[in-house]
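Indexing begins at 1, ligand by ligand and atom by atom, following the structure's order. Every value quoted in this text rests on a predicted model; they were computed, and no experiment measured them.
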Amino acid sequence: MNANTLSRPLKSRRSSGLRGTALVPGDKSISHRALIFGALAVGQTEITGLLEAEDVLNTAEAMRAFGATVVRKGTGVWSVKGRGVGGWAEPSDVLDFGNSGTGSRLVMGAMATSPITAVFTGDASLRVRPMARVLDPLTEFGATYTARERGLMPVTVSGAKQPICVDHHVAVASAQVKSALLLAALNAPGRSRIAQSALTRDHTEKMLAAFGAEISVEPLDQGEAVFLTGEVELKPCAVDVPRDPSSAAFAMVAALIVSGSDIRIPAVLLNPRRTGLITTLIEMGGHILIENERESGGEKIGDLVVRSSALKGIEVPPERAPSMIDEYPILGVAAAFAEGRTVMRGLEELRVKESDRLAAIAAGLKANGLTTSETHDSLAIEGRGPDGVPGGARVATHMDHRIAMSFLAMGLASKEAVSVDDTAMIATSFPEFEKLMRDLGADFQQVNS
Ligand code: S3P
């Protein structure tokens, strides 16, 4: 998103019961990977259900810049003709990843063991997010980089001419970093070992196996070690992208807090590394039923039935954080409508998301009459019960799509309307959000900037 784009504020008002079926778009993590892995395979990868949001479209554009043929054949239906591991061409211009940490970091890894140079940049939010967490480990493969101070974008990466395999322990609980290193390892001779002390999302491991990589996983203390043999030829694959649980989260919480609601969210990805929010909301007393559990493209999916519920505050354990890392903003909203205190710990990674999400959630809640307390890695929220949230404030979204969608959900059940200063960033992950919520019965009103 261009910093010069005019802001688009929106107001959300107390609504009567949300009803109907919410078809949320394809999973963002799997969509990025489908395009990148397709570009690394030899032959044609066919994708259905691709998320057509700005973040993913920027990754598609980057794959074209590296020489892959990427074609949109219909809504969510794409094909990618790859150039093979180690076969990417050098982009002739700067790559702009917009708002996307996932797209940019995974692509840094994917090109870091090829003898080409690429320049990475993004929007004002991405240009203050830490890249050294990916770039420093990539130097162990033989890549080099230059960046602004503290490893900030714009960044220039020169891939290793003679890559070597690595044994690396990832210091942060980040699937992006783990994935970037696994992608780099694809073109490094020998067997790389990438270890991590947390169980972060495993889409890269599962999808690389489906594309024919030699990959295995061993448990390790609180986490695991992934082994990958390099210099492989990836085979193209059919990828059917399941619907995104991180997007479903907004409709889910809105239905829990708006009285008289009863909605259905079909065919949502239920990978156990992504279901922390569902577990937490059920512990809080949320009525969430999972129906028709089934497998699709190697992932568990199911239909969610969500009804308005009396929620109670709980302690969310820190080890659950990786499985719901993108869902804390909307959990903060659920906690506001619960009876009693909710405490969330292990949140240090929230400080380096599309915004400092810990600060943005706390500030938005406080502005709307909630009492919160915050440390560097925790947030406690005093719930006001189903009818007790004052609302009435305009929330600063700090270029963060999930902050915008969360506080719009809040306004559907608070006493006074809640507005957000900008909705433009919602298009980075969930362009259909406004319409989908309105179709369920959400009362959103345009306001002047
Ligand atoms: C993602 C991993 C998470 C998540 C992001 C998508 C991925 O980031 O916040 O939205 O697709 O690997 P971290 O791995 O940096 O926590």
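- A side-chain donor from one of D202 and N271 sits under 3.5 Å from a side-chain acceptor of the other.
- H203 and S29 are not linked by any side-chain donor-acceptor pair at a separation below 3.5 angstrom, with hydrogens and angles left out of the test.
- H168 and S192 share no donor-acceptor pair across their side chains, judged by distance under 3.5 Å alone.
- Within the structure, every pair that satisfies the salt bridge (charged side-chain N to carboxylate O under 4.0 Å, His left out) test and touches residues 316-331, not counting sequence neighbours, is listed here: R201-D326, E283-R320, D326-R357, D326-R402.
- Here salt bridge (charged side-chain N to carboxylate O under 4.0 Å, His left out) pairs that include residues 167-188, with residues two or more places apart or in two chains, are D167-R193, K178-E205.
- Annotation: salt bridge (charged side-chain N to carboxylate O under 4.0 Å, His left out) contacts involving residues 236-248, sequence neighbours excluded, comprise D244-R274.
- Ordered by chain and residue number, the residues placing a heavy atom less than 4.0 Å from ligand 1 are S29, R33, T102, A173, S174, A175, Q176, R201, I325, D326, K353.
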